[in-house]
Amino acid sequence: MSRRSSASRFASTDEGEYVVLDHQNMLSEERLRTEKSLKNIFQRIALFRYDDARSAVNQAFDSTSKQSGNSAFGSSVLGQLRPVIVNLIDKERDYVQSDLRKNKSQLIKNIASFSHNITSGRNYIPNTVDRLKSDLRAIASRDVGMTSRDVSMTSQNDVTALVRTVAAELDIYVNARFTMLHDQIITEFCKDAETAVKTSFCRDSLKSLHTVREMTDTIKSDALSPLKNMLEYETNVVEQLFSCSLALAQWDFVGSLLHLHNYNQTYKEFIEGYKGKERSLMGKKIIKDDEFPELYKWFFKLYELLLSKYTLYFSKTLFQDSSRKVMRSSTTNIVDHRTKLNDFSKKSKAATISLILNAANLERPFMGHGCKLFSEQAHREIASKHSFIDKFEVIFHYGNGKDETLDEETKTEIVHLYSDVYHKNGKPYIYDTKRNRSYYLLLFDENVFLSVSYNTKKSERDSEIIKFLEDFKNSMSLSKV
């Protein structure tokens, strides 16, 4: 059977239309090859195998150039992506591998910032994230490098459409991941202890994460699916951790627990699949958590600190439901703040050391140290009848060398000192001349403060005490993850 008689759609047309059909088939095949090559590159980036990704770039673009030839329009347009993807690989390496704990993200901020200073005589713009976004937008929106013949073929060229789509969606990805998620949220969280625990910061960050999620949903190209999956995971992880921090600040026992659980499940689903596989993450066999890139180790460290904070805040409830032996065995990998407070109390010979919650400032009424099955209305009615002192709840108290209940007289004194002196003037040290007692007060969460007292006059700048308070604040405020 002749070619003309076997073609149903073009049986009655002239030979020129068969040429068009063959050309379109060739372009479709070229598009599939190109999309597969790009996905392979992005898959290696998502596995943190940056050197492999660079090799894949060279292999993919060199082979495409040889197959397409100089006359093929696809190769000239596709070639514009080559330096951009190489730049993307470098940015991925910088962001993921930078040690947030050591430099407080300064390296990341330097990478992300865009200098508008033009080097004299050379019109040179630094190769930063903003330059990367600018190059991607140019490829996506302009007819860069096209001849008049190229422009006329644009609507028929599958590879051109693919390249423009990939460039446009990479621009979305870079803006969502680098600019919003990393620079505006994670970096700001790492900057200082005050920012990290603020309810307003957590709420604003969660709104921004919702925007990041919406931007990620607009990425539809299959070639970008590995990068999209990675971004979705990072967004979900940060959302769960920040939501937990917010729940802890509001004394939400169940909410905090659920977010910790959700993070743990997300972490297992995404990471555990790579453990034990040869040449998976970073091109090697991953066995331990500390073998992951710095950013992912930061996620896990933040989770551990939130968990340790949770076990301190709700220790009364947790110890009621579990024996101390079970609690110790289940929290071996996290900081035991109760033990640290007890040890410091003994070492420094403190009269009392107390952790106190200002329940009056909570957005929801105080529901007890754990989950209490009472209505919010009932709690509000009870709280409205309480005195000012009754609105302060003791989370933890250690005195006379043992765990004990804080007596009302000492609690009243601490609360008044906190309200009248520390909260108004920010003075962390108070000496009570009548009782010959020194107090050190530390507000490390919006609604929680620590009180350490001594039955003698101590120096306001006692190095041992000040160092302990600073370390405790940094640990509890999550700034030094």
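Starting from 1, each residue takes its place in the sequence as its number. Hydrogens, waters and symmetry mates are skipped; everything else that's a heavy atom, side chains included, is used.
Remark: aromatic rings of Tyr313 and Phe253 are distant, center separation not under 6.0 Å. Taking the six-membered ring for Trp, Tyr310 and Phe314 have ring centres closer than 6.0 Å. In this structure, the ring of His259 has its center no less than 6.0 angstrom from the ring center of Phe242. Between Phe449 and Phe444, the ring centre distance reaches or exceeds 6.0 Å. Tyr173 has its ring centre no less than 6.0 Å from the ring centre of Phe42.
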Quick one: do Asn358 and Lys391 satisfy side-chain hydrogen bond (donor to acceptor under 3.5 Å, both in side chains)? Show the steps, please. CA-CA 6 Å; Asn358 183 0; Lys391 293 178 181 179; over 6 Å; no
Test Tyr263 against Phe299 for ring pair (Phe, Tyr, Trp, His ring centres under 6.0 Å), laying out the working first. CA-CA 10 Å; Tyr263 163 82; Phe299 290 153; 7.8 Å; no
Step by step, work out the side-chain hydrogen bond (donor to acceptor under 3.5 Å, both in side chains) result for Asn236 and Tyr267. CA-CA 10 Å; Asn236 193 14; Tyr267 173 82; over 6 Å; no
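Distance check, rounded to the nearest 0.5 Å: CD of Gln97 to NZ of Lys297 gives 8.0 Å. The distance from atom CG of Leu355 to atom CG of Leu341, rounded to the nearest 0.5 Å, is 7.0 Å. With rounding to the nearest 0.5 Å, the separation of CZ in Arg164 from CG in Leu136 is 14.0 Å. Between the CG atom of Leu441 and the CG atom of Leu450 there is a distance of 8.5 Å, given to the nearest 0.5 Å. Considering CD1 of Ile395 and CG of Leu312, their distance stands at 7.0 Å, rounded to 0.5 Å. Atom CD of Glu35 sits about 5.0 Å away from atom OG of Ser221, to the nearest 0.5 Å.
By the 4.5 Å heavy-atom criterion applied to side chains, Ile186 and Leu295 are counted as neighbours. Residues Glu239 and Leu206 have side chains in contact (heavy-atom distance under 4.5 Å, counting atoms from C-beta outward). Taking the side chain as every heavy atom from C-beta outward, Leu209 and Leu181 approach each other to under 4.5 Å. Val237 is not listed as a side-chain neighbour of Tyr296, based on a closest heavy-atom distance of 4.5 Å or more.
Here Ala168 pairs with Ala140 under the side chain to side chain contact (heavy atoms under 4.5 Å, CB included) rule; sequence neighbours left out. Checked against side chain to side chain contact (heavy atoms under 4.5 Å, CB included), Ser208 has the following partners two or more places apart in sequence or in another chain: Met180, Ile185. For Asp222, the salt bridge (Lys or Arg N to Asp or Glu O under 4.0 Å) partners at least two apart in sequence or on another chain are Lys39. The side chain to side chain contact (heavy atoms under 4.5 Å, CB included) search around Glu470 returns Ile466, not counting sequence neighbours. Under the rule for a salt bridge (Lys or Arg N to Asp or Glu O under 4.0 Å), Asp217 has no partner lying at least two apart in sequence or in another chain. Qualifying side chain to side chain contact (heavy atoms under 4.5 Å, CB included) partners for Arg203, counting only residues two or more places apart in sequence or in other chains: Thr199, Leu246, Glu363.
One finds a salt bridge joining Glu234 and Arg177 here, because a Lys/Arg side-chain nitrogen approaches an Asp/Glu carboxylate oxygen to under 4.0 Å. Salt-bridge check for Lys133 with Asp171: failed, with every basic side-chain N at 4.0 Å or more from each acidic carboxylate O. Remark: Glu169 does not engage Lys228 in a salt bridge, criterion side-chain N to carboxylate O under 4.0 Å. Asp51 and Arg44 are not joined by a salt bridge, as no carboxylate oxygen comes within less than 4.0 angstrom of a charged side-chain nitrogen.
When each of Leu170, Leu81, Asp130, Val84 is tested with Asp135 by the rule side-chain contact (heavy atoms from CB on, under 4.5 Å), just one qualifies, namely Val84.
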